[in-house]
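Just below is one structure, and these are the notes that go with it.
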Amino acid sequence: MVPAEFYSADVFLGRLLRAAGLETRWAHRPEARVPAGIRSALTGSHAAGLIWVMRFNCVVALLLSVSSLAGADSEQGKLPVAFNPDFQFRKAKIYSLSQNLPLNKGQKGNNPVNLTSKANFKSSSVIQEASLNFERSYRMYGAVTALDQRQRFGQYFDFFWRAKRPSDVTVRFEYKQEKLRAFVQAKEQAYQNVRGTNRSEFRVVGDEYFDDGQVLAWRCLLIEHGRIVAEKRSFLWD
């Protein structure tokens, strides 16, 4: 017995036109009606078989399109790894610039107890404090208003790397912030025909820092001709 939904070819053609959005333009025209001979040929068991074949073809085409899109999404953003000794990271420096001024950890009082050890500790702490104050003054230079200063607060990442031969290099900094959890963001800097020791600075400051939190994990890549030739990552990067 033929299912009720296949009892007429007119019903099938009407549904097909409605799905394609053409019913209002063509379905009610006299010339768009199916001739009687074709209607009789498409009714009965032949209609059911033809409809199932068409449905099968549609499903196959849909699956192929979905698989191609999934493959494109999985390959997007992935670069081949080909580490090259001609490119290497030398060191990385991370500095956090906060709204609070650095505390003075010097000693209080004038008690002459173990003066030698306390003098050595004080001299080292003074040197460290001076370097931190200089770094802060350097980063805040030119920021006069409170809005300008807010745009300077955050984290600074300086990467020192070396290229032993002239090449076009892209330095890519990928990082994860506290409030975005596993979401990965990236910043890039491109260099043409570069050679020797170089320094690349990346900043996560201002609204980006206050809205999404501090950087918890990061990695920096040297990319040449679409391949990763050197990498440096933090301990928490997976």
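Small disclaimer: the values here were computed from a predicted structure and weren't measured.
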**Message:** Let's go through D207 and R150 carefully: what are the C-alpha distance in whole Å and the side-chain angles of both, what is the deciding distance for salt bridge (Lys or Arg N to Asp or Glu O under 4.0 Å) to 0.1 Å, and is it a yes or a no?
**Reply:** CA-CA 8 Å; D207 295 335; R150 174 184 170 86; 3.4 Å; yes
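- Note: W218 and F173 have tilted aromatic rings, judged against thresholds of 30 and 60 degrees for the angle between ring planes.
- Rounded to the nearest 0.5 angstrom, T197 OG1 and R162 CZ are separated by 4.0 Å.
- To the nearest 0.5 Å, atoms CZ (R195) and NZ (K164) are separated by 11.0 Å.
- R233 is not listed as a side-chain neighbour of E174, based on a closest heavy-atom distance of 4.5 Å or more.
- Using a 4.5 Å cut-off on side-chain heavy atoms (C-beta onward), R152 and R139 make no contact.
- Taking 4.5 Å as the limit, some side-chain heavy atom of Q177 sits within range of a side-chain heavy atom of E208.
- No option in N84, V81, V169 other than N84 meets the side chain to side chain contact (heavy atoms under 4.5 Å, CB included) test with V229.
- F160 and F89 are assigned to two separate hydrophobic clusters, defined by single-linkage of ILVMFWY side chains at heavy-atom distances under 4.5 Å.
- Across every non-hydrogen atom of Q185 and L180, the tightest pair is NE2-CD1, 3.2 Å.
- Within the 4.5 Å cutoff, the side chain of W161 has heavy atoms near those of the V171 side chain.
- You'll find the side chain of V184 reaches within 4.5 Å of the side chain of W237, heavy atoms only.
- Here the closest heavy-atom approach between residue A186 and residue R172 is recorded as CB-NH2, 3.4 Å.
- Using modelled atom types, one finds no donor on one side chain facing an acceptor on the other under 3.5 Å when comparing Q155 with Q214.
- In this structure, L216 and E178 have side chains that are in contact, with non-hydrogen atoms separated by less than 4.5 Å.
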**Message:** The test is side chain to side chain contact (heavy atoms under 4.5 Å, CB included); show your working for T170 and Y191 and say whether it passes.
**Reply:** CA-CA 6 Å; T170 299; Y191 301 83; over 6 Å; no
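- Nearest heavy atom pair, residue R227 against residue A82, reads CD-CB, 4.3 Å.
- Under a 3.5 Å cut-off, the side chain of N198 and the backbone N or O of G196 do form a donor-acceptor pair.
- Between S98 and R136, the shortest heavy-atom distance links the atoms O-NH1, 2.9 Å.
- A 6.0 Å sphere centred on CZ of R181 holds no more than 12 heavy atoms belonging to other residues, nucleotides or ligands.
- Rounding to the nearest 0.5 Å places CD of E201 at 7.5 Å from OH of Y156.
- Here NZ of K232 is found 11.0 Å from CG of L222. Values are rounded to the nearest 0.5 Å.
- The structure places CG of L221 at 9.0 Å from CD of E188, a figure rounded to the nearest 0.5 Å.
- Shortest non-hydrogen contact noted between V194 and A163 is O-CB, 4.1 Å.
- Taken from CD in E224 to CG in L79, the straight-line distance is 13.0 Å, to the nearest 0.5 Å.
- Residues D168 and N193 share a closest heavy-atom pair of OD1-N, 2.7 Å.
- Not less than 6.0 angstrom separates the ring centroid of F157 from the ring centroid of Y175.
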**Message:** If you apply the rule salt bridge (Lys or Arg N to Asp or Glu O under 4.0 Å), what do you find for D158 with R199, and how did you get there?
**Reply:** CA-CA 7 Å; D158 294 334; R199 170 179 169 267; 3.6 Å; yes
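- A donor-acceptor pair is defined here as one N or O able to donate and one able to accept, closer than 3.5 Å; no such pair exists between the side chain of K176 and the backbone of L236.
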